[in-house]
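A quick write-up on the structure given underneath.
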Amino acid sequence: MDEDDGDWRGGSRATERRRQASDAPRDTPQSARTWTAVAPAKPMPATGTYVTPAQAAVFHSYMRTHSESETARELRITQIRVREALVQYERNLLRDAGLRPPPLKAMLKGDISTRFQISRDVRNGRPAAHPRAVSIAVPATAAAGARTGGWRQVRPPTRGIRRFVVTSVNPDGERHRGFMQNLTAYAEHHGAELVVAPLGPRSRHEAGLSRVPIDFAGRLHLRSDELPPTVSRMPLDGMQHISPQRWAAFPHSVQQLESLPRIGSAPTRVQLTTGAASIHRDPARRTPALVGALIVEMLPDGRVFARMVSSAAHGDGSFHDLDEHVAGGRVTTGRRVAGIVVGDLHHPHCDGDAVAATWGSGGRDGLFGRLRPRVQVLHDVCDMRGRSHHQRRDAHARFEHHVRGTGDVRAELAGTAAFIERIRIADGETVVVQSNHDQHFLRWLREADHRSDPLNAEFQLDRERALLARIRAGGGTSMFFAETMRFLSADGLDRVRFLGDGEGYTVGGVECGIHGHAGPDGTRGAIGVFERLGIDMVLGHFHRPVARGGLHVAGVCQLDLGYNRGPSSWAIAHVVCHDDGTRQHVFLDGDRFAA
């Protein structure tokens with residue numbers, strides 16, 4: 001009995017030791033081994049996979065229990081057999097993909113949980129010691145259409161908008177009928193092409209599916225030939241080296257989006273996954289399962305826009321895309337969205353193109369005119385650069401503010417108040433989230449010496465006196481920035497709501513009242529910290545668009561704020577929130593966020 005076909009009831013180590021002698025030269029260090037595509041040692045089984053039912057049973061039990069001992073008790077086998085079966089499961093997945101796995105002895109080292117993407121929060125252990133493939137290269141099969149070097153080349157339209165709807169499925173799994181029906185209806189409504197990529201190793205049931213990678217006008221690569229680890233809640237980890245200098249999309253059932261660093265003035269670089277129309281049954285997933293797809297739009301000038309759509313796997317498959325709603329195979333347009341979380345403002349340093357594309361200019365409605373959100377959420381509305389504590393001892397920066405006339409704190413805040421007056425929603429609510437740059441104003445009042453700053457002395461003393469009176473009355477300092485903004489506004493910023501410290505605000509059932517600079521229990525805010533809260537939310541602060549499970553992070557409205565040096569992952573991007581709790585990132589390209 002071969003070790004790869006055996007179950008937990010038969011020994012395999014002696015056979016594996018003999019195989020090791022031929023698999024890896026003894027004088028080759030483990031760190032130097034690479035993943036090599038080789039011909040299979042024997043014909044593929046009739047089931048289409050080298051994975052045996054016994055190995056699959058152990059794997060599914062372990063992904064449910066996250067415990068080798070509990071799996072051993074459940075299946076009435078030894079814990080050693082559980083460990084061997086899990087490693088053989090991974091080895092056979094690699095063989096399914098045409099890759100030569102490392103020796104069994106090397107793969108048995110380290111913690112099993114890490115190689116199956118189980119979080120350390122759930123299962124502690126030292127990391128696996130063997131080299132791992134972060135993606136599986138699957139050679140593309142022949143298909144109809146233009147090809148160059150195995151790729152399908154998609155050119156921009158000569159006029160109008162060319163659209164694609166991209167999703168993925170497990171060829172041997174169950175598809176969400178309602179979602180597929182609605183994707184088809186959306187594609188027919190827009191004259192779009194529906195592209196469906198297969199997940200996992202090759203199968204005999206791939207009719208109508210395509211593994212051919214697609215190049216969308218050199219702006220976006222659909223990497224159907226590079227499959228992230230199938231069992232992963234962070235499928236884009238380790239994929240950064242694939243398709244550099246451009247957007248890249250990967251077929252995967254888990255939706256994830258990451259803005260990646262780029263050097264200098266290079267265009268925004270984003271990686272994202274397609275989502276899948278297959279019903280995901282991975283018991284290791286701790287977040288509600290979603291089905292999803294990508295909407296890709298191309299303009300005649302070569303610009304390409306991509307955004308994710310999603311729907312609850314337990315629902316009817318209906319979904320939102322900007323101002324459109326698709327349900328029951330019908331598309332309705334012109335719908336108001338629940339809200340938009342705007343990338344950090346940092347007024348008065350907002351990018352002019354971002355402002356025009358967001359709120360409209362010169363007779364154009366912009367994104368808000370099209371989507372008509374009922375709520376807009378603003379983060380870091382001011383910058384306080386004129387008297388930032390970061391530049392307190394920077395004589396050159398202070399001199400630059402002097403010669404440019406940008407050191408007047410009252411003028412800066414009054415300009416921000418006037419800007420909020422202009423962009424507030426007439427028939428909805430504008431919400432200002434308490435943010436770290438807003439708190440820079442309070443820090444300036446606490447620490448600055450008015451005697452050494454004649455330009456701001458009178459305003460500082462006036463605000464300090466008002467703050468002391470507020471404290472005497474029991475009002476505290478939390479909402480004093482809001483009070484100052486209303487004081488500087490012509491109409492007191494009517495229809496604008498300022499959130500207090502720690503005050504939440506939900507849009508479509510999603511928490512949007514947290515900026516992100518302060519983490520739980522007084523810790524510093526970090527994206528990973530908020531991921532572990534298990535709350536669906538949209539953050540600001542980080543300026544780097546991210547979508548991971550229930551967490552979304554908006555971008556910023558200015559890519560150069562003076563202190564971001566070196567490669568930057570910042571991007572001008574907003575988050576659109578829908579009534580059903582789904583969200584979409586929209587990125588600025590030129591003068592618009594979508595085609």
Side-chain angles (χ1 to χ4, degrees), residues 48 60 63-64 163-190 192-211 222 224 227-233 235 249-257 272-296 306-322 324-332 335 508-510 536 547-550 552 576 578-584:
H60 290 301
M63 294 305 291
R64 182 174 65 257
R163 290 184 173 89
F164 291 79
V165 180
V166 183
T167 189
S168 58
V169 298
N170 181 349
D172 302 312
E174 180 184 359
R175 303 183 189 184
H176 195 297
R177 294 184 179 180
F179 188 64
M180 285 300 300
Q181 177 191 20
N182 290 325
L183 286 181
T184 303
Y186 181 96
E188 292 176 350
H189 177 81
H190 288 286
E193 179 181 340
L194 179 61
V195 178
V196 184
L199 296 173
R202 292 195 179 279
S203 168
R204 295 174 298 172
H205 307 104
E206 294 191 10
L209 310 182
S210 175
R211 293 189 186 269
L222 173 63
S224 302
L227 302 183
T230 304
V231 184
S232 175
R233 287 173 289 174
F250 300 88
H252 204 276
S253 58
V254 175
Q255 286 192 312
Q256 183 184 356
L257 179 149
L272 66 170
T273 56
T274 61
S278 296
I279 299 178
H280 194 76
R281 300 193 184 281
D282 177 10
R285 175 176 288 180
R286 293 292 189 247
T287 56
L290 299 174
V291 288
L294 282 183
I295 306 299
V296 179
R307 57 184 177 270
M308 297 186 292
V309 298
S310 57
S311 178
H314 63 270
D316 60 1
S318 60
F319 66 88
H320 293 268
D321 177 40
L322 301 182
E324 298 181 327
H325 182 242
V326 191
R330 298 183 59 186
V331 181
T332 58
R335 294 172 59 106
V510 175
D536 286 355
R548 302 175 187 170
H552 284 59
V576 179
H578 299 289
D579 291 312
D580 60 359
T582 59
R583 287 145 285 169
Q584 295 178 284

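Being a predicted model, the structure only gives us computed values, none of them experimental.
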For the backbone of [Y] and the side chain of [X], can you confirm whether one donor and one acceptor N or O come within less than 3.5 Å of each other?
{"X": "Asn182", "Y": "Gly329", "result": "yes"}
{"X": "Ser311", "Y": "Ser318", "result": "yes"}
{"X": "His176", "Y": "Ala276", "result": "no"}
{"X": "Thr273", "Y": "Val254", "result": "yes"}
{"X": "His578", "Y": "Asp580", "result": "no"}
{"X": "Arg583", "Y": "Gly550", "result": "yes"}
{"X": "Asn170", "Y": "Pro198", "result": "no"}

message: So, using salt bridge (Lys or Arg N to Asp or Glu O under 4.0 Å) as the criterion, who are the partners of Arg163 when residues are at least two apart?
response: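 Applying salt bridge (Lys or Arg N to Asp or Glu O under 4.0 Å) to Arg163 gives Glu297.
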query: Is there a donor-acceptor contact under 3.5 Å linking the side chains of Gln584 and His320?
result: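 No, no side-chain donor-acceptor contact under 3.5 Å.
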Contact between [X] and [Y] at the side-chain level, heavy atoms closer than 4.5 Å - yes or no?
{"X": "Val169", "Y": "Leu209", "result": "yes"}
{"X": "Ile295", "Y": "Tyr186", "result": "yes"}
{"X": "Val195", "Y": "Leu294", "result": "no"}

- prompt: Quick one: CG on Leu257 to CE on Met308, what's the gap to the nearest 0.5 Å?
  reply: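 Between Leu257 CG and Met308 CE, I get 5.0 Å after rounding to 0.5 Å.
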task: Measure the spacing between CD of Glu324 and OG1 of Thr332 and express it to the nearest 0.5 Å.
output: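 Atom-to-atom, Glu324:CD and Thr332:OG1 are 8.0 Å apart.
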task: Using the side chain to side chain contact (heavy atoms under 4.5 Å, CB included) rule, pick out the option among Asp321, Val291, Leu290 that qualifies with Val309.
output: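 Going through Asp321, Val291, Leu290 one by one, the side chain to side chain contact (heavy atoms under 4.5 Å, CB included) with Val309 is satisfied by Asp321 alone.
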task: Using the side chain to side chain contact (heavy atoms under 4.5 Å, CB included) rule, pick out the option among Val166, Val165, Val196 that qualifies with Leu183.
output: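 With Leu183 as partner, side chain to side chain contact (heavy atoms under 4.5 Å, CB included) holds for just one option, Val165.
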- request: Take Glu188 and Val331, measure what side chain to side chain contact (heavy atoms under 4.5 Å, CB included) needs, and give me the verdict at the end.
  value: CA-CA 10 Å; Glu188 292 176 350; Val331 181; over 6 Å; no
Heavy-atom pair of closest approach, residues [X] and [Y]:
{"X": "Gly275", "Y": "Thr167", "result": "O-OG1, 3.7 Å"}
{"X": "Pro171", "Y": "His205", "result": "CB-O, 3.4 Å"}
{"X": "Ser310", "Y": "Phe319", "result": "O-CB, 3.6 Å"}
{"X": "Pro228", "Y": "Phe250", "result": "CG-CB, 3.8 Å"}

- prompt: Can you check side chain to side chain contact (heavy atoms under 4.5 Å, CB included) on Leu322 and Arg307, steps first, answer last?
  reply: CA-CA 10 Å; Leu322 301 182; Arg307 57 184 177 270; 3.5 Å; yes
